[in-house]
Novice: 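Sharing a structure here in structure tokens format.
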Amino acid sequence: MNAELTVDYLRHAFEHYNALIFDGKLPVPKLKWSRAKTRLGQMACKRKISWGRTKFYDYTISVSNYYKLTTEEIDDVLIHEMIHYSIAYTGLKDTSAHGIVFRGMMDKINRTFGRHITISVRTRNLQPRMTQQPKGYLILALEMKNGKYYLSSVNPSAARKIATSLARTREIAHYAWYQSQDEYFHGMPCVRSLRGRRVSAEVYETMIGKMKLLK
């Protein structure tokens, strides 16, 4: 079952688990969805130190809606963050972010309420909720008079400046601009000046044959 991803859902879920697990002692914090890819949830707050004592306030719990998660998985993420919230709000001292206190509370909740809360989740094993569109690249293909070939992934904001440089560079035999979504360019620096990666004639011909020529 999938939850309807609204802030109202988070509020209702928070109030439900607050009463069920935390004896209704936690004030409702700011609740929001995020598009985080590396963490499924986060509990954040501000802190003020006065007379050697630390006071926490302005609590926020966020849950990522980037990945396809079931209602049970979303709730487990929320409860995970509620444990962090409970520890900070009640002033408990733990040995680390997921120390003895956190793990003790987590294990008790899992046993008592049949949850599957974990310390962390491998997000690389999860599927995005929406299919990502391939990234587009502006590519400059250069054939030099000395027989060398270059491909360059260009920052669009620098295209006009680079075009001016092309007109002044006599070593260039031929050049053309292309659009591409090929993963070949994923790790290539996005340049703002006239430079590129030298490639073989075979790679050059293969890549320009796959790209859309801009006129």
Novice: Specify the closest pair of heavy atoms between C45 and Y59, including all atoms of both residues, with the distance to one decimal.
Specialist: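 Shortest heavy-atom separation between C45 and Y59 comes out as CB-CD2, 3.5 Å.
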Novice: Evaluate side-chain contact (heavy atoms from CB on, under 4.5 Å) for H80 paired with F102, printing each intermediate quantity in order.
Specialist: CA-CA 9 Å; H80 176 119; F102 181 95; 3.5 Å; yes
Novice: Could you measure the distance from the CD1 atom of I74 to the OH atom of Y9? Nearest 0.5 Å is fine.
Specialist: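 So the gap between those two atoms works out to 6.0 Å.
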Novice: So, E72 and R115, do they make that salt bridge, N to O below 4.0 Å?
Specialist: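 Judged by the 4.0 Å cut-off on N to carboxylate O distance, E72 and R115 do form a salt bridge.
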Novice: Kindly indicate whether the side chain of R197, heavy atoms from C-beta on, has any atom under 4.5 Å from the side chain of P189.
Specialist: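 The answer is yes, as the side chains (C-beta and beyond) meet within the 4.5 Å cut-off.
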Novice: So, S157 and R192: side-chain donor and acceptor under 3.5 Å apart, yes or no?
Specialist: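 Side chains of S157 and R192: pair found under 3.5 Å.
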Novice: If hydrophobic clusters are built by linking Ile, Leu, Val, Met, Phe, Trp and Tyr wherever their side-chain heavy atoms come under 4.5 Å apart, do V121 and W33 end up in the same one?
Specialist: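 As far as the 4.5 Å side-chain criterion goes, W33 and V121 are connected within one cluster.
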Novice: How about T95 and V101: do any of their side-chain heavy atoms sit closer than 4.5 Å?
Specialist: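 Side chain of T95 against side chain of V101, heavy atoms only: no contact under 4.5 Å found.
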Novice: Mind checking whether Y137 and F185 have parallel, tilted or perpendicular rings, split at 30° and 60°?
Specialist: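 Ring orientation, 0 to 90° scale: tilted.
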Novice: In residues 139-151, what donor-acceptor pairs under 3.5 Å come from side-chain atoms, sequence neighbours left out?
Specialist:
unit_1	atom_1	unit_2	atom_2	d
K145	NZ	R170	O	2.8
N146	OD1	K148	N	3.1

Novice: Drop me the distance from T123's OG1 to K37's NZ, to the nearest 0.5 angstrom.
Specialist: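 With rounding to 0.5 Å, OG1 (T123) is 10.5 Å from NZ (K37).
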Novice: Determine whether V203 and Y184 make a side-chain contact, defined as any pair of heavy atoms from C-beta on separated by less than 4.5 Å.
Specialist: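 SC-SC contact between V203 and Y184 confirmed.
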Novice: Can you confirm whether R160 is buried at CZ, in the sense that more than 12 heavy atoms of other residues, nucleotides or ligands lie under 6.0 Å from that atom?
Specialist: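 Counting neighbours around CZ of R160, 12 or fewer heavy atoms of other residues, nucleotides or ligands fall under 6.0 Å, so no.
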Novice: Would you call L214 and Q179 a side-chain contact if the rule is heavy atoms closer than 4.5 Å?
Specialist: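 Side chain of L214 against side chain of Q179, heavy atoms only: contact under 4.5 Å found.
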Novice: Do K30 and I61 come within less than 4.5 Å of each other through their side chains, counting heavy atoms only?
Specialist: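 With C-beta onward as the side chain, the pair stays apart.
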Novice: How far does CD1 of I79 sit from OH of Y85, to the nearest 0.5 angstrom?
Specialist: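 The distance works out to 15.5 Å.
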Novice: Let me confirm one number: the CE-NE2 distance from M105 to H84, rounded to the nearest 0.5 Å.
Specialist: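 One finds 10.5 Å between CE of M105 and NE2 of H84.
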Novice: Answer whether the closest heavy-atom distance between the side chains of D182 and M207 falls below 4.5 Å.
Specialist: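 Yes. Closest side-chain heavy atoms under 4.5 Å.
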Novice: Does atom CG of L92 have more than 12 heavy-atom neighbours from other groups under 6.0 Å away?
Specialist: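 Buried by this count: over 12 neighbours within 6.0 Å.
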Novice: Same cluster or not: are V63 and L126 linked, directly or through other Ile, Leu, Val, Met, Phe, Trp or Tyr residues, by side-chain heavy atoms under 4.5 angstrom apart?
Specialist: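 Yes, one cluster joins them.
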Novice: For residues I117 and I100: do they belong to one hydrophobic cluster (side chain heavy atoms under 4.5 Å, members Ile, Leu, Val, Met, Phe, Trp, Tyr)?
Specialist: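 No, I117 does not connect to I100 through the hydrophobic network.
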Novice: If you compare all heavy atoms of M106 against all heavy atoms of T118, which two are closest, and at what distance to 0.1 Å?
Specialist: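 Heavy atoms only, the tightest pair is SD-C, 3.7 Å.
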Novice: Any idea which heavy atoms bring C190 and V154 closest together, and the distance?
Specialist: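 Minimum heavy-atom separation between C190 and V154: SG-C, 3.7 Å.
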Novice: Kindly compute the distance separating OG (S96) from CZ (R103), expressed to the nearest 0.5 Å.
Specialist: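 Result: 7.0 Å between the selected atoms.
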Novice: For the atom pair CD (E81) and CG (D76), what is the distance rounded to the nearest 0.5 Å?
Specialist: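 Here the interatomic distance stands at 11.5 Å.
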Novice: Does the side chain of I87 come within less than 4.5 Å of F56's, by heavy atoms?
Specialist: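 Not touching, per the 4.5 Å side-chain cut-off.
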